[in-house]
Amino acid sequence: MIKIKTNLEPSGCTNKLKKFWDISEKKIALIEKNYDPFKGSPVFTVNGHYTTRGWTEWTQGFQYGSAILQYDATGEKPLLELARNKTVAAMAPHISHTGVHDHGFNNVSTYGNLLRLMHEGKIPYNEWERNFYTLALKISGAVQASRWTIIKEGGYIYSFNGPHSLFVDTIRSVRALVTGHCLGHFLQAEGDQKISLLDRAIQHLTATAKYSIFYNEGRDIYDVWGRTAHESIFNVKDGNFRCPNSQQGYTGFSTWTRGLAWAMCGFAEELEWFNVIAESDLAGHTPKEHFISLLLKGAKATCDFYIDHTPSDGIPYWDTGAPGLNKLGDYLNKPADPFNDSEPVDSSAAAIAAQGLLRLGKYLQGKGDIENGTRYWQAGLTVLDTLLDEPYLSTNPDHQGLILHSIYHRPNGWDHIPEGSKIPCGESSMWGDYHAREAALYLQRVINNEPYYTFFNIQ
């Protein structure tokens, strides 16, 4: 269980944040100088150098989005120009990519962040540039919404595995539908049918909350409050749920911690958006109070599970049911050990989870639930405080990664095992590095009393 640092103040992370951004800038430059883009999108490091993995193209937005976040945090204009130019040159195929569930990763991280900066006045207003980002986000949201499976009581955006497959990851791609809706767009289908992006966002979030998250309500004998299934399988003929499954975790009946973290962050940020829109905006879709309760239940459950099933310093092992964990003794009551001989940790899950904890904590504090809000907020600070220091912060100037000890696909054996080790360790991932930057930027803007950082601050 995480040993929450109740006395840790946001300002206590200021020096670590400065060091983090200094290192981050150097890592971005190192990748830009040495990585060959003709090999495909950089995904994870091997011996400290970014390599690709031709599974799906879901990480390029994190590469160029990182430069945008770096500019946001430090004002380094060359990084803004890098991000602008690369977004124009490389990201167009991701807007119209019909084969993935990753539009919220690729396009909100690039076009969305640039539009947000313009709305916040951090980059000069230019009507044509704004229209360019707006059009990209509109199309991205509609294309993502078209990847749709109908089930009993709704539907969901299906994963690259096919129409039968709901991934918990995709909760973060709901942002693409929300931004498209905010910008006044919809999906136009056969017979000129206008399909609401908001309606599909609500249905997908509802399906995720209902089938991807467990609430100790007797679904099966492994039903524990906050346990998360990576994949939910449906019969596409009759729309019935069949079973939980996992593509990157150990089993469908254990919790892959990065999937858990996606849910934590996704529920919390969607909770923020649905909280600020008017009741009238949801007319004909769902009662606002009911839907807020649904999102809040999912956010609390997943954050509670993370706190209870993560080692004391806030860094989780890659799956809570991984078979080698029993060799580590009382591992939940001591700091995670990325150099053990049995099971790897996943720092990328920690980077994503930290933001979910902070956002949920902030939300509850704003609602007057000070006790619970403070608990989640301090847990988020605790995780981030660990992540911003060694052995997770990559201080080796020759290593292209920013956050060490990230795991991509343990069952497939894709992660690099260094000489002398029995498990993967010491490497980075593009999503882990990006989400560490995102969490760091979130906290820095709170410390500096800047406008609250949300994906939907675009108009």
Side-chain angles (χ1 to χ4, degrees), residues 1-21 23-24 73 225-226 257-258 260-261 264-265 268 299-317 320 328-340 345-395 402-406 432 435-449 452-453:
M1 177 183 290
I2 298 177
K3 187 176 181 180
I4 299 174
K5 297 179 180 179
T6 57
N7 295 324
L8 183 61
E9 296 287 341
S11 59
C13 295
T14 299
N15 290 336
K16 286 188 175 184
L17 286 171
K18 184 180 185 306
K19 180 180 180 180
F20 172 85
W21 290 116
I23 293 174
S24 171
W225 174 256
T257 52
R258 191 163 82 246
L260 171 68
M264 294 164 64
C265 188
K300 284 183 173 180
T302 51
C303 286
D304 287 344
F305 187 92
Y306 187 90
I307 292 170
D308 291 343
H309 293 83
T310 296
S312 61
D313 61 353
I315 310 298
Y317 288 90
T320 61
L328 300 180
D330 190 16
Y331 66 93
L332 289 179
N333 287 314
K334 56 187 177 183
D337 177 10
F339 305 106
N340 76 84
V345 304
D346 187 0
S347 61
S348 72
I352 300 160
Q355 186 178 168
L357 288 163
L358 291 169
R359 288 189 183 277
L360 178 58
K362 191 76 168 176
Y363 174 86
L364 289 173
Q365 288 174 338
K367 292 295 183 180
D369 187 353
I370 304 302
E371 181 178 355
N372 284 314
T374 299
R375 175 173 174 265
Y376 294 123
W377 175 262
Q378 293 301 136
L381 287 180
T382 301
V383 175
L384 197 53
D385 186 57
T386 301
L387 204 61
L388 294 176
D389 210 344
E390 296 180 275
Y392 299 102
L393 183 63
S394 175
T395 56
L402 178 60
I403 298 296
L404 302 177
H405 312 301
S406 176
H435 284 87
R437 291 181 175 104
E438 205 170 63
L441 177 64
Y442 174 91
L443 183 60
Q444 179 170 302
R445 288 173 68 129
V446 169
I447 293 170
N448 294 341
N449 200 30
Y452 190 70
Y453 172 31

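Since the structure is predicted, the reported quantities are computational estimates derived from the model, not experimental observations. Counting begins at 1 with the first residue of the sequence.
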Hey, does [Y] have a side-chain heavy atom less than 4.5 Å from the side chain of [X]?
X    : Y    : result
D337 : Y331 : no
H309 : Y317 : no
L381 : W377 : yes
C13  : L443 : yes
I403 : H435 : no
P311 : P335 : no

Mind checking the [atom1]-[atom2] spacing from [X] to [Y]? Nearest 0.5 Å is all I need.
X    : Y    : atom1 : atom2 : value
T14  : I447 : OG1   : CD1   : 4.0 Å
T310 : L260 : OG1   : CG    : 7.0 Å
E438 : I352 : CD    : CD1   : 9.5 Å
L388 : L17  : CG    : CG    : 5.5 Å
L393 : L402 : CG    : CG    : 6.0 Å
L358 : M264 : CG    : CE    : 9.5 Å

Does [X] [atom1] have over 12 foreign heavy atoms under 6.0 Å away?
X    : atom1 : answer
N448 : CG    : yes
N15  : CG    : no
K334 : NZ    : yes

Apply salt bridge (charged side-chain N to carboxylate O under 4.0 Å, His left out) to [X] and list each qualifying residue two or more places apart in sequence or on a separate chain.
X    : value
K367 : none
R437 : none
D389 : K16

Distance-minimising heavy-atom pair for [X] and [Y]:
X    : Y    : answer
A336 : V345 : CB-CG1, 3.8 Å
F305 : T320 : CE2-CG2, 3.8 Å
Y392 : L387 : CB-O, 3.7 Å
A353 : A261 : N-CB, 3.7 Å
A268 : R359 : CB-CB, 3.8 Å
A350 : G314 : CB-O, 3.9 Å

Looking at residues at least two apart in the chain, or sitting in another chain, which of them share a ring-ring contact (aromatic ring centres under 6.0 Å, His included) with [X]?
X    : value
Y453 : none
F20  : none
Y363 : none

For this session: Under the side chain to side chain contact (heavy atoms under 4.5 Å, CB included) rule, collect the residues that match up with S348, sequence neighbours excluded.
Result: R258, D346, S406, S429, W431

Could you work out, with side-chain hydrogen bond (donor to acceptor under 3.5 Å, both in side chains) as the rule, every residue matching [X], not counting sequence neighbours?
X    : result
K5   : D385
Q378 : none
N449 : none
D308 : none

Exercise. Given T382 and L357, is the side chain to side chain contact (heavy atoms under 4.5 Å, CB included) satisfied, shown in steps?
Worked result: CA-CA 10 Å; T382 301; L357 288 163; over 6 Å; no

For this session: Test H405 against F339 for side chain to side chain contact (heavy atoms under 4.5 Å, CB included), laying out the working first.
Result: CA-CA 9 Å; H405 312 301; F339 305 106; 3.6 Å; yes

Exercise. Is there any salt bridge (Lys or Arg N to Asp or Glu O under 4.0 Å) pair reaching into residues 372-383, and which pairs are they, with sequence neighbours excluded?
Worked result: D304-R375

Taking [Y]'s backbone N and O only, do any of them form a donor-acceptor pair with [X]'s side chain (distance below 3.5 Å, no angle check)?
X    : Y    : value
T257 : A349 : no
Q444 : A73  : yes
S347 : L404 : yes

